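Working notes for the structure below.
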Amino acid sequence: MQDKYLPADIERAAQQHWDSSEAFRVTADASKPKYYCLSMFPYPSGKLHMGHVRNYTIGDVLSRFHRMRGYNVLQPMGWDAFGLPAENAAIKNKVPPAKWTYDNIAYMKQQLKSLGFAIDWSRELATCTPEYYKWNQWLFLRMLEKGVAERKTQVVNWDPVDQTVLANEQVIDGRGWRTGALVEKREIPGYYLKITDYADELLSDLDELEGWPERVKLMQANWIGKSTGVRFAFSHTVGDENGLIGDGKMWVFTTRADTIMGVTFCAVAAEHPLALHAAKSNPELAAFIEKCKHGSVMEADMATMEKEGLPTGLFVTHPLTGQQVEVWVGNYVLMSYGDGAVMGVPAHDERDFAFAKKYSLPIEQVVAVGDKAYSLDAWQEWYGSKDGVCINSGKYDDLGYAAAVDAIAADLAAKNTGEKKVQWRLRDWGISRQRYWGCPIPIIHCDACGSVPVPDDQLPVVLPEDCVPDGSGNPLHKRLDFLHVDCPKCGKPARRETDTMDTFVDSSWYYARYATKFGADKMVDEETDYWMTVDQYIGGIEHAILHLLYSRFWTKVMRDVGLVTYREPFAHLLTQGMVLAPTYFRELEGGKKEWVNPSNVTESVIGGKRYAWVQNDGLDFGETNLVEGRGNQSKIRISASKLDVIRDDDEHGKQSVVIVAGDRVQIGGVEKMSKSKNNGVDPEALVKQFGADTCRFFIIFTAHPEQSLEWSDAGVEGAYRFLKRVWTFGHAFATDIRPQIGATRTLASAKLPDALAAFRREIHLLLKQANYDLGKQQFNTVASATMKMLNAIEKAPREGALAAEVIEECFGILLRVLSPLTPHISHALWNQLGYGNDILAAAWPEPLEAALVQDEIELMLQVNGKLRGSLRVPADATKDAIEAAALAHEGAIKFLEGRPAKKVIVVPGRLVNIAG
RNA sequence: GCCCGGAUGGUGAAAUCGGUAAACACUGCGGACUUAAAAUCCGCCGCCGCAAGGCUUACGGGUUCAAGUCCCGUUCCGGGCACCA
């Protein structure tokens, strides 16, 4: 056996073994419990980043752990291969998105393999292949048939120079990313999936998802946003030659019908028919509406922008008081929520209050809480409270919130002008994208027949893969061979739809496709019934709402089409935290920042302040300067061609001088690894330098899976050092310890000497803790436990057959607990130390009760809640005996200072607290 | 702005049900080995204090024999906000 730890050799051999034995290829097997472990598939952006490595390491730990516990484990992998970055790369490099994407997949696949994940590669898929996206198209057609998909208008960001639709990401400060032109809102037709039809079920089924984090369920529930309120109409006589607008009714929705008597104005969206009508004769209003068209379609911008409005000069009639109420246009009213109009109750709605103050509109208090006094000076929290009673509200006076809403809803209903209604915040899912690199929407536009679905036998509608977008719109418009098609209905020349599907469609059902036998001409087959649902899903918290909600919706549609029987796709969800790294930059002329990669930066603390610099690129050893200085008592020795001197005083006035080689850079914050901040750490370089096991171990060890992880080069070296020690001990075991073991094992029946028993107990205790933590999916402390085990094993007695047997048992436990984290080294040692052929086939270790027993335990002694000592008592001591021992303890006597003990609390196995 | 999280030593973090705060590491410092360096091994390391002891889990209150953990309020940081994935 090799005495040095050589990760490259060990890892190559282990991976070859897994490959040649097809170790991770699985099929349905009814004799075993199944465990479907799924990590969110990567976008093939070019190279793996640390977020991927973290995600798949967590998944791999779970997969390997369950496999050793006897589960039939499926862990697949694939590629979320359509999307905007491929088009951006095409614009930049003049390479078709398809080529860029497939090249990236090939590269990243080899990177994934080098990390030793237990993946069944026979199930690999890429969403940009026709055999996959055919089924997007097929199910979309079923949705059209069922009325779940429909065509209507959508609001998009329009770049007037490039004449193209922009993604939100491509709008920077209200301007197009390439042209710098002011972006406009524009309405165009597109396809929608009616996720709102499933709102109730998507909300109520959250209760079934016991394996999901509460916060994710809460976020989803808030996103769906069920609110019960009253929808009612203000009547009016505004109309034109086509009759009254909206049949003389302006509908609004409110959750605060109890404040209806406090309405002093109404506000409508800029796109509302009443606003458009008024604008015809009001140039100022027309200009305001035009202004509202520019600006963001994003909710965050809508919510933070200055609330502005303009009166329309139109009036509507309050349905209960009969009073005339002026209608304003407000830039904060969304046409897409409810009916695009709201009632304005400034006394009890914070936004209305600010609006009324700004435009000097009347404010009338109609709710009172206790004896609190209402004032118009500033908004008070209680103005919006539902805990008060109605005042100044005629017949509704003195009613509480619920009673008032009921009474008002009943009166509105009696007048046939309103009713209670459930309103959802959730909007329908617009899936049309005016973009090339996506799944074609299977529709043909015919002048005679309209929008005609592509017949099933003509699927898939294949996307030409050789287009190169140039940023000025969808290149499919110029592809006549794609565009020209005969109408399936009437046979006359027609035109294909050029819009493609949102990439969230692709990722809404890939998990079901992995579980299907490929080749079968079906979207999913019987094998899915065995594997689904996904037992464990792992991915970034940033997907907590959209991707997960769309996947749940898509599953329910597949169920309603009769494809599957389950109603939820993911039983357990683990939301991993982000991978962060420090950022560094140089300030360039004009205030621009040039970001410097952390791998080129050296940092030091000088006089209590942090400094960073980039080592000189061209270190010139021909003219080496050797400099020795003193700073903070430490010697600094550097060789460089360019030097920089940093001087600083710490808070005690001591001056430090440090001479550094290189250019100073500014220290930014610790942020998510990203290209834009140039703070990514390359996993490939790391694997080359230290091996996959070190990389995996560091990632698992350094943070709880759900928490963000801060990158540290020094920490990686610590992980490497640990694995070296594991290997070194394995070598010592093989050469010095194992040879002491006799022909027959005696451990099971032997009475161990105290030191050996204590050591064995420690390992089994650590194992018990590790198993508990694995159950909690807290892998960082499992990694700690393996380090503690090695610390104990290295110090354990190793002379004699019995000691060797205990070490054999304990090191075997360590190797197995380590194997999901660092499978390569575990594989090599398990095999070479004679534990067995393949650690994958070994059973997961369980602690032995016999090894855990102890005679004496230590209890902490507190006096008035403060720690004053400890006492050793027999493990089976009674409460009275413990009390007596505690009161007799010198620490207790000293700190009670002669006072009698008022109360003695004994917490079994932990502590005694004397109150005196 | 709205919704959801988070905050513990010089650093990453641990503390299971309210019961020893800082396990396990990293950095740093001291030492051994070495001609030297690397590697490895041993020791020390929250703050104040000579000590006894006191203080300490972002900040301010509260509940409790006992609070990092529960409750109320505040600040700061992060994620999402529907066309980035």
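As the structure is a computational prediction, the values presented were derived from the model and not from experiment. Lettering of chains follows the sequences in order, A, B, ..., and the numbering in each one begins at 1. These numbers come from the heavy atoms of this one structure, side chains and all, not from hydrogens, waters or symmetry mates.
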Just wondering, do A/His704 and A/Thr781 contact through their side chains at under 4.5 Å, heavy atoms? no
From CZ of A/Phe698 over to C1' of B/C24, roughly how many Å is that when rounded to an integer? 14 Å
Expressed in angstrom and rounded to an integer, what is the separation of A/Arg186 atom CZ from B/C83 atom P? 19 Å
The side chain of A/Phe895 lies closest to which of these nucleotides: B/G80, B/U40, B/G53? B/G53
Which part of the nucleic acid, if any, lies within contact of A/Thr781, taking any heavy atom under 4.0 Å across all strands shown: a base, the sugar-phosphate backbone alone, or nothing? sugar-phosphate
Can you find a heavy atom in the side chain of A/Lys217 that is under 4.5 Å from one in the side chain of A/Pro213? no
If you take any heavy atom closer than 4.0 Å to RNA chain B, which residues from residues 765-774 of chain A end up in contact? A/Gln769, A/Tyr772
Flag the pair A/Lys152 and A/Glu187 as a salt bridge only when some basic side-chain nitrogen lies within less than 4.0 angstrom of an acidic carboxylate oxygen. no
So if I take every side-chain heavy atom of A/Met578 and compare against B/C24, B/A14, B/G79, which nucleotide ends up nearest? B/G79
Expressed in angstrom and rounded to an integer, what is the separation of A/Arg721 atom CZ from B/C41 atom P? 8 Å
How many whole angstroms separate atom CG of A/Leu867 from atom C1' of B/U56? 15 Å
A/Arg725 side-chain proximity, nearest of B/C84, B/A25, B/A82: B/A25
Looking at B/A14, B/A82, B/G54, which one has an atom nearest to any side-chain atom of A/Asn168? B/A82
Side chain of A/Lys788, heavy atoms from C-beta onward: which of B/C84, B/A82, B/A23 has the nearest atom to it? B/A23
A/Glu858/A/Arg910 salt bridge by N-O under 4.0 Å criterion: no
More 5' along RNA chain B: A/Gly718 or A/Leu546, using each one's nearest nucleotide? A/Gly718
Regarding A/Arg910, tell me which of base, sugar-phosphate or nothing describes its non-hydrogen contacts under 4.0 Å with the strands shown. sugar-phosphate
Do A/Gln423 and A/Ser227 get their side chains close enough for a donor-acceptor pair, meaning under 3.5 Å? no
How would you label the contact of A/Trp223 with the nucleic acid (heavy atoms, under 4.0 Å): base, sugar-phosphate, or nothing? base
Would one find a side-chain N or O of A/Lys795 under 4.0 angstrom from OP1 or OP2 of B/C42? no
Is it true that A/Asp502 and A/Arg433 have a side-chain N and a carboxylate O under 4.0 angstrom from each other? yes
Figure out the CD1/C1' separation between A/Ile700 and B/C24, and round it to whole Å. 15 Å
Could you classify B/C33 for me, syn or anti, using a glycosidic angle within 90° of 0 as syn? anti
Looking at B/G5, B/C84, B/G54, which one has an atom nearest to any side-chain atom of A/Arg868? B/G54
Please report the distance, rounded to the nearest Å, between CG in A/Asp352 and C1' in B/G1. 15 Å
A/Trp429 and A/Tyr550: aromatic ring centres closer than 6.0 Å? yes
Using ring centroids (six-membered ring only for Trp), state whether A/Phe722 and A/Phe701 fall under 6.0 Å. no
Which listed nucleotide (B/C81, B/A14, B/A39) is nearest to the side chain of A/Lys724? B/A39
Please verify the inter-ring angle class for A/His547 with A/Tyr537; under 30° counts as parallel, over 60° as perpendicular, anything in between as tilted. tilted
Base, sugar-phosphate alone, or nothing: which one does A/Glu706 contact when heavy atoms must sit under 4.0 Å apart? nothing
Just call it for A/His704: base, sugar-phosphate, or nothing, with non-hydrogen atoms closer than 4.0 Å on any strand. sugar-phosphate
May I ask you to evaluate whether A/Arg427 reaches the phosphate of B/A82, defined as a side-chain N or O under 4.0 Å from OP1 or OP2? no
Base, sugar-phosphate alone, or nothing: which one does A/Lys902 contact when heavy atoms must sit under 4.0 Å apart? nothing
Mind checking if A/Ser507 touches a base, just sugar-phosphate, or nothing, with heavy atoms under 4.0 Å? nothing
Out of B/G79, B/A82, B/U20, which has the shortest distance to the side chain of A/Arg425? B/A82
Roughly, in whole Å, what's the span from CG in A/Asp502 to P in B/C83? 6 Å
Does A/Gln778 have a side-chain nitrogen or oxygen under 4.0 Å from the phosphate oxygens OP1 or OP2 of B/A15? yes
Could you label the plane-to-plane angle of the A/Tyr5 and A/Tyr720 rings as parallel, tilted or perpendicular, counting under 30° as parallel and over 60° as perpendicular? tilted
Using a heavy-atom cut-off of under 4.0 Å over every strand shown, decide if A/Val216 touches base, sugar-phosphate, or nothing. nothing
Should A/Thr503 be listed as having a side-chain N or O under 4.0 Å from OP1 or OP2 of B/A85? yes
Can you tabulate the close N/O pairs, meaning under 3.5 Å, that link protein atoms to atoms of nucleotides 62-72 of chain B?
from	atom 1	to	atom 2	distance (Å)
B/C65	O2'	A/Asn913	ND2	3.4
B/C65	O2	A/Asn913	ND2	2.6

Would you tell me if any nitrogen or oxygen in the side chain of A/Lys4 comes within less than 4.0 Å of OP1 or OP2 on B/U40? no
Comparing A/Asp428 and A/Pro42 on RNA chain B - which has the more 5′ nearest nucleotide: A/Asp428
Short side-chain N/O contact from A/Asn780 to OP1 or OP2 of B/C24, under 4.0 Å: no
Looking only at B/A14, B/U27, B/C3, the nucleotide nearest the A/Ala714 side chain is B/U27
A/Tyr511 (side chain) donor-acceptor with A/Ser508 (main chain) under 3.5 angstrom: yes
Looking at every strand, decide which applies to A/Arg215 at a 4.0 Å heavy-atom threshold: base, sugar-phosphate, or nothing. sugar-phosphate
Closest to side chain of A/Phe504, choosing from B/A85, B/C81, B/G78: B/A85
Atom-pair distance (CG on A/Asp301; P on B/C2), nearest Å: 15 Å
Tell me what A/Leu426 touches on the nucleic acid: a base, only sugar-phosphate, or nothing, going by heavy atoms under 4.0 Å. base
Please determine whether a side-chain nitrogen of the Lys or Arg among A/Glu794 and A/Arg725 lies less than 4.0 Å from a carboxylate oxygen of the Asp or Glu. yes
Would you mind calling B/G28 syn or anti? Take O4'-C1'-N9-C4 for purines or O4'-C1'-N1-C2 for pyrimidines, and syn is within 90° of 0. anti
Touch class at under 4.0 angstrom, heavy-atom based, for A/Leu84 against every strand present: sugar-phosphate
Aromatic contact, A/Trp711 with A/Phe698 (centres under 6.0 Å): yes
